[in-house]
Amino acid sequence: MISLLDYGAGNVRSVRNAVLKLGYEPREIRKPDEIAAAEFILFPGVGSFGSAMQRLHQMGYFEPLRDYLRAGRPFMGICIGLQALFEGSDESPGVAGLGIIPGQVRRFDTPGLSVPHMGWNGIRSRHPSPLSEVAGDAKLYFVHSYRAVAEPANAEWVLAETDYGAPFVSAVGRGQVLAVQFHPEKSGPVGLRLLERCLRQPTLVAGTLVAGGGVGATDREAEGVGVAVGPGTREPVSTPTRLAKRIIACLDVRTNDAGDLVVTKGDQYDVREGGEVRNLGKPVELARRYYEEGADEITFLNITAFRDFPLADQPMLEVLRRTSEQVFVPLTIGGGIRAFTDGEGRHYSALEVAAEYFASGADKISIGSDAVTTVEQVLTQNGRTGDSAIEQIAHRYGSQAVVISIDPRRVYVPTPEAGKPHQVVPTLIPGPLGERWCWFQCTVKGGREGRDLDAVTLAKVCEQLGAGEILLNSIDRDGTGAGFDLELIQAVRAAVTIPVIASSGAGRVEHFSEVFTVTNVEAALAAGIFHRHEVPIAAVKTHLHQSGIEVRP
Ligand code: 1PR
């Protein structure tokens, strides 16, 4: 019997879905005394270290959980569920962790690294074990800004490390307690196999999962005596691990004139052809297809949500629910995330809207128009707003869950001065009057309205407010197949330290190698070429691999 420790801080739906998919019926822990009575606790921590600890205290779970862990009872932690085992974290100074493992969790600090560490990376096992056997040299999905490092005091706990700038601890284990920094529930088929193995055989001995162990392991094993290596285990991977560039499939979703929710696709944001909304398929089916074809992430953009209230859009929430039951890679949903007052005068905060998306299966939400409004306010008020959607959602769910979707359009100017105060860049693609300079104007409402704000400034301010990633579209390139707007992407990439997703204009596999080589973005997104079967995701990955660019196979 698996007990899920959901302390209400975020989305554990993905974990529940993965566990259900594996044939288990997880039971939720609802009272402190259910911790001691549990047979196996699965703790998928989310959000910030401090809020996770605070919730554990508020719910009366902290001490029973610590006692449970001290007794070495069957446990699997994921992400914050690993970090919580340490003494504390720089993310939340002064907040004590469960203190099961010596050491402090610290922020990634290698200069030049994008933080969060977001995407698919490998694990380097310290001991041969079923963990290394199942994962091998496969890539697993990570998303975190803080990490534990191996030190002599915690050496006996460290099961695996991963490299990102410097090595960090990606799995710990001792006795029947296991925790991983990556997300097996979001790591595709290999993640599911790994989760299955850990749930089925939770016993570790001296840092090694025992094949055939399980809850009925001997006392000698449970005490951590000796190293038992199961049949078929092999030597752990010892070469450095590398973060892969991500390939994201994007589904622009809206209701067509017949009232059906469809995946559509525009040319420079115009989704109508012969007066009709283009219909490229059904959202859940298409998402499932991209998962099976190897997409590293799936993004849904509810493109007309700016004019409707998204919580009234039950079909979209249903799409998310159904997708998250079948698709085990990260899911992002955007469109309409902002505060809203409905026809009856009831006010909903952006946090409430986002909460509904997270509860329906989203791992990240993306904010478009509201981010522009927020940044305009920040710039005119000369400081933070404090209550913006970005800040509220990042505080509650963590920065990594907040993506800013930017819809810029080029504005050509004859001289840099003519574009001031915007961030003007030289361009090799001259304007209609031969202009050699341009700035990238933010738009709202799906490109319908241009604002007096440039994309570089928007990205910078959103990072300061706590956003964790930028989804950088280009209205000029959208649907053209002419390649990504490298000048735009370079300008934004250079301005922020959070990951950037290049979007709009992919037409050939070479466009992907070009954008990764020239701009060093972390991810590239495409829509039209995938929907129309023009370029399969596998072809993109093969080309990138042959070009020496790290990808998840
Ligand atoms: O403003 O918070 O409600 O969010 C609305 C979201 O919907 C934004 O993320 C915005 O980008 C998106 N959106 C609004 N209107 C459109 C439209 O197309 N008419 N789609 C739209 C944006 C752009 C990309 C597209 C890439 C790749 N779609 O997501 O998938 O350009 O396309 P390609 O590979 O075919 O070139 P809010």
Side-chain angles (χ1 to χ4, degrees), residues 247-254 256 262-273 277-278 280 283 286 290 295 297-310 313 316 332-340 350 353-354 357 364-375 388-390 393 402-409 442-449 451 455 458 462 467 469-485 488-489 501-509 511-512 515 523-535 537 540:
I247 302 300
I248 302 174
C250 183
L251 289 77
D252 289 353
V253 178
R254 63 162 287 170
N256 66 9
V262 298
V263 174
T264 189
K265 182 71 212 62
D267 291 329
Q268 301 185 307
Y269 283 36
D270 181 1
V271 299
R272 288 187 183 267
E273 196 170 274
V277 171
R278 281 198 195 97
L280 292 165
L286 220 46
Y290 294 140
E297 276 182 49
I298 311 277
T299 294
F300 288 109
L301 296 175
N302 189 352
I303 67 169
T304 49
F306 68 87
R307 58 177 175 229
D308 309 316
F309 178 42
D313 196 350
M316 191 63 224
T332 301
I333 172 106
I337 297 184
R338 65 194 151 93
F340 190 89
V353 177
Y357 277 157
K364 307 188 233 182
I365 52 88
S366 114
I367 306 178
S369 304
D370 192 70
V372 175
T373 312
T374 297
V375 172
S388 68
I390 302 170
I393 301 168
V402 182
V403 184
I404 304 300
S405 171
I406 313 181
D407 300 315
R409 182 183 275 128
C442 292
T443 65
V444 294
K445 302 178 182 167
R448 288 168 182 78
E449 193 181 312
R451 308 292 302 185
L458 178 90
C462 288
E469 193 173 30
I470 302 290
L471 164 52
L472 187 54
N473 303 296
S474 155
I475 299 181
D476 307 289
R477 293 300 175 96
D478 175 57
T480 63
F484 296 96
D485 187 337
L488 161 69
I489 297 163
I501 304 166
S503 164
S504 306
R508 304 195 305 268
V509 292
H511 290 148
F512 291 87
V515 77
L525 172 152
I529 54 169
F530 297 152
H531 300 338
R532 295 187 298 266
H533 297 268
E534 287 165 10
V535 179
I537 293 170
V540 174

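All of these numbers come straight from a predicted model, not from anything done at the bench. Just so you know, ligand 1 is whichever comes first in the structure, and atom 1 is the first atom listed for that ligand.
Using a 4.0 Å cutoff on heavy atoms, Gly368 counts as a contact of ligand 1. At a 4.0 Å cut-off, at least one heavy atom of Ser503 sits close enough to ligand 1 to count as contact. Note on ligand 1: Asp370 sits outside its first shell, no heavy atom being nearer than 4.0 Å.
Which parts of ligand 1 touch Gly479 is read off a 4.0 Å heavy-atom cut-off, strictly below it: atoms 33 (P), 35 (O), 36 (O). Every atom of ligand 1 is numbered from 1 in the order shown, and the set under 4.0 Å from a heavy atom of Gly336 is 2 (O), 3 (O), 37 (P). Heavy-atom proximity to Gly528, at under 4.0 Å, picks out these atoms of ligand 1: 33 (P), 34 (O), 35 (O). With ligand atoms numbered from 1 in the order given, ligand 1 contributes 29 (O), 30 (O) to contacts under 4.0 Å with heavy atoms of Cys250. Which parts of ligand 1 touch Ala526 is read off a 4.0 Å heavy-atom cut-off, strictly below it: atoms 34 (O).
With sequence neighbours left out, Glu273 forms a side chain to side chain contact (heavy atoms under 4.5 Å, CB included) with Arg278.
The shortest contact between atom 19 (N) of ligand 1 and any protein heavy atom is with Tyr269 O, 2.8 Å. Looking only at protein heavy atoms, the nearest one to atom 12 (C) of ligand 1 is Ile303 CG2, 3.9 Å. The protein non-hydrogen atom at the shortest distance from atom 20 (N) of ligand 1 is Asp252 OD2, 3.3 Å. Among protein heavy atoms, the minimum distance from atom 33 (P) of ligand 1 is reached at Lys265 CE, 3.5 Å. Counting only heavy atoms of the protein, atom 14 (C) of ligand 1 lies nearest to Gly446 CA, 3.3 Å. Protein heavy atom at the shortest distance from atom 25 (C) of ligand 1 is Asp478 OD1, 3.6 Å. In this structure, atom 11 (O) of ligand 1 lies nearest to the protein heavy atom Asp407 OD1, 2.5 Å. Scanning the protein for heavy atoms near atom 24 (C) of ligand 1, the closest one is Asn473 OD1, 3.3 Å.
Using cut-offs of 30° and 60° on the angle between ring planes, the pair Phe484 and Phe512 is perpendicular.
When Gly335, Ser366, Ser405 are ranked by how near their heavy atoms come to atom 5 (C) of ligand 1, first place goes to Gly335.
A donor atom on one side chain and an acceptor atom on the other are not found under 3.5 Å apart for Asp407 and Thr443.
Counting heavy atoms closer than 4.0 Å to ligand 1, residue Lys445 contributes nothing at all. Contacts between Leu301 and ligand 1 below 4.0 angstrom, taking non-hydrogen atoms only, involve the side chain exclusively. At a heavy-atom cutoff of 4.0 Å, ligand 1 is contacted by both the backbone and the side chain of Ser369.
None of Leu472, Asp478, Asp476 except one satisfies the side-chain contact (heavy atoms from CB on, under 4.5 Å) rule with Ser474; the exception is Asp476.
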| said: Between Cys462 and Ile390, is the side-chain contact (heavy atoms from CB on, under 4.5 Å) condition met? List the steps. | reply: CA-CA 8 Å; Cys462 288; Ile390 302 170; 3.8 Å; yes
| task | Apply side-chain contact (heavy atoms from CB on, under 4.5 Å) to Val535 and Arg508, showing your working. | result | CA-CA 7 Å; Val535 179; Arg508 304 195 305 268; 5.8 Å; no
